[in-house]
Amino acid sequence: MMQFLYRPPAPLQEDLLHLIFEHTSCPETLAYAALVCRAWVIPAQVALYKDIQYSPLTPCRKDALLARTLRSRPHLLRFVRRLSLVTLWTHSPTPELCDWIALIPMHHLRDFLWTWERGYLLSSFLSLPALQTTRNIDLRGRLYTLTAVQSILDLPHLEVLSLELSGDEQGTLTCSPLKLQHLGVVAHGGYSSALDKLLGAVGHRIESLRILSTFGEDPEGDSALVSCVLTQCVDLHSLDIAATSSPKPPFPAIETLIRQYSSLKHLRCSTGAVPDIFGAMPPGLQHLRLPLTPSQVEPLLAYLKHETASLFLRSLELISGCDVDSQRITKACRIHGVRLRLHCD
């Protein structure tokens with residue numbers, strides 16, 4: 001009689017555990033996974049604490065439990081890579097509720113997002129060790145003064161910055177971070193002297209610009225904003241233009257921007273369709289996103305057949321209605337090896 005010896009399954013390697021837990025979105029599952037065995041503890045905790053959303057004064061038990069856990073077990077803070085802080089209804093985050101943020105080690109936090117509705121940006125938060133070495137900062141709230149903006153620009157490791165301008169910020173900007181490459185601005189008031197000063201301080205360094213503003217509502221303001229971008233931003237490789245109004249009005253000045261930046265690789269335009277936009281496309285454009293009307297189908301097909309588009313264009317994302325001939329566009333993209341995504345507006 002044959003005898004079979006039981007052999008326990010070989011333990012999963014740590015890199016495989018990291019990969020598995022990275023695709024596990026349920027926090028409860030990750031918390032229980034950390035209790036299975038010693039080999040699972042670190043990979044499960046890395047996935048559980050890498051992306052934290054925290055609202056200090058909400059009645060949610062989850063936020064209170066999170067803060068208590070991170071205070072009592074500070075070794076978990078080295079796993080935090082992204083922190084989203086929400087203080088919607090308070091004038092400032094209460095220090096004793098956010099004290100654990102000060103314990104996050106330097107060079108660990110990569111992304112910091114702060115959303116608030118009332119109050120001021122706290123300079124004490126920007127002086128925390130983790131924020132001093134953060135590369136990506138997204139601030140969604142009113143800054144009031146350019147002095148507050150300057151305190152952000154003074155962060156030495158900042159590479160990506162997103163912020164909001166109301167247009168009435170006063171003050172001056174004296175310098176820009178050496179590593180800043182990507183800037184996103186929500187210009188609630190359209191063109192303003194504050195926007196001009198911001199682009200004047202960082203425009204010569206950035207290679208990527210994203211602007212959300214009131215395009216199409218004030219032609220003179222649009223022209224002034226375009227002139228500001230062209231004057232201050234020397235060489236852009238990525239441009240993202242979006243309008244705050246809906247339905248999104250046409251923004252003819254986008255054609256002027258596109259013609260100026262012949263080295264654009266990425267172009268996203270979420271404002272209304274411009275009739276002659278395909279004649280202005282940069283020769284080396286690789287990724288394109290824009291709204292499309294039925295009258296633009298033929299110019300788009302002609303653009304896809306052009307030699308430069310067939311050589312460089314890799315992806316095309318269109319926002320259109322149901323009356324657009326999507327079959328011809330799909331066929332042309334398939335012929336020229338362009339990835340196509342269609343969105344019905």
Side-chain angles (χ1 to χ4, degrees), residues 191 203 206-243 245 247-345:
Y191 172 77
I206 61 174
E207 62 180 41
S208 172
L209 176 64
R210 176 176 53 83
I211 292 186
L212 174 65
S213 187
T214 56
F215 293 116
E217 299 180 4
D218 179 13
E220 292 186 3
D222 292 345
S223 298
L225 193 151
V226 168
S227 177
C228 173
V229 173
L230 293 176
T231 303
Q232 308 291 5
C233 302
V234 181
D235 187 22
L236 293 177
H237 297 282
S238 177
L239 180 62
D240 188 343
I241 301 292
S245 59
K248 304 172 183 63
F251 177 42
I254 184 65
E255 185 178 343
T256 306
L257 281 172
I258 297 173
R259 291 187 184 277
Q260 175 69 20
Y261 298 112
S262 58
S263 59
L264 278 180
K265 299 293 187 295
H266 301 258
L267 174 62
R268 294 169 58 91
C269 180
S270 301
T271 62
V274 180
D276 301 326
I277 193 170
F278 295 106
M281 289 298 172
L285 192 66
Q286 297 177 3
H287 306 280
L288 174 63
R289 183 185 190 274
L290 78 170
L292 188 74
T293 62
S295 62
Q296 290 181 301
V297 172
E298 293 300 331
L300 171 60
L301 295 174
Y303 168 69
L304 291 174
K305 293 178 182 179
H306 195 274
E307 180 181 359
T308 55
S310 61
L311 286 176
F312 294 100
L313 191 64
R314 296 292 176 264
S315 66
L316 176 63
E317 194 171 351
L318 300 175
I319 307 169
S320 63
C322 299
D323 52 348
V324 169
D325 189 354
S326 59
Q327 291 185 352
R328 296 176 62 197
I329 299 174
T330 302
K331 181 179 179 181
C333 289
R334 188 181 300 115
I335 292 174
H336 297 287
V338 177
R339 296 191 303 273
L340 174 65
R341 293 184 64 185
L342 290 173
H343 304 277
C344 290
D345 194 0

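Below, each value reflects all heavy atoms present in this structure, side chains not excepted, and no hydrogens, waters or symmetry copies.
- Counting heavy atoms from C-beta outward, Ile258 and Pro282 have side chains that approach closer than 4.5 Å.
- The CG atom of Leu290 sits 7.5 Å away from the CG atom of Leu300 when rounded to the nearest 0.5 Å.
- For Pro299 against Ser295, the heavy-atom pair with the smallest separation is CD-O, 3.5 Å.
- Judged by distance alone, with hydrogens and angles left aside, the side-chain atoms of Ser223 form a donor-acceptor pair with the main-chain N or O of Pro219 at under 3.5 Å.
- Residues Arg289 and Ile319 form a side-chain contact, since some pair of their non-hydrogen atoms from C-beta on lies under 4.5 Å apart.
- One finds the CG atom of Leu301 at 9.0 Å from the NE2 atom of His336 (value rounded to the nearest 0.5 Å).
- With rounding to the nearest 0.5 angstrom, the CZ atom of Arg314 is 11.0 Å from the CG atom of Leu285.
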Exercise for the section: Please test Leu316 against Tyr303 for side chain to side chain contact (heavy atoms under 4.5 Å, CB included), starting from the C-alpha separation and ending with a verdict. Expected result: CA-CA 12 Å; Leu316 176 63; Tyr303 168 69; over 6 Å; no

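- Taking every heavy atom of both residues into account, Ala332 and Leu304 meet most closely at CB-CD1, 3.9 Å.
- Atom NE2 of residue His306 and atom CG of residue Leu313 lie 12.5 Å apart, to the nearest 0.5 angstrom.
- Rounded to the nearest 0.5 Å, atoms CG (Leu342) and OG1 (Thr330) are 5.5 Å apart.
- Annotation: side chain of Gln260 is not in contact with side chain of Leu236 (no heavy-atom distance under 4.5 Å).
- The closest side-chain heavy-atom distance from Lys265 to His287 is not below 4.5 Å.
- Between Asp325 and Val297, the shortest heavy-atom contact is N-CG2, 4.3 Å.
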Handout entry: side chain to side chain contact (heavy atoms under 4.5 Å, CB included) evaluation trace for Leu288 with Met281
Key = CA-CA 10 Å; Leu288 174 63; Met281 289 298 172; 3.8 Å; yes

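- In this structure, the side chain of Arg259 does not engage the main chain of Leu257 through any donor-acceptor pair within 3.5 Å.
- Put simply, CZ on Arg210 and CZ on Arg268 are 9.5 Å apart, with the number rounded to the nearest 0.5 Å.
- Residues Ser263 and His237 have side chains in contact (heavy-atom distance under 4.5 Å, counting atoms from C-beta outward).
- Using a distance-only test at 3.5 Å, with no hydrogens or angles considered, a donor-acceptor pair links the side chain of Tyr261 to the main chain of Cys233.
- The minimum heavy-atom distance between Tyr191 and Gly221, with the atom names listed, is CB-O, 3.7 Å.
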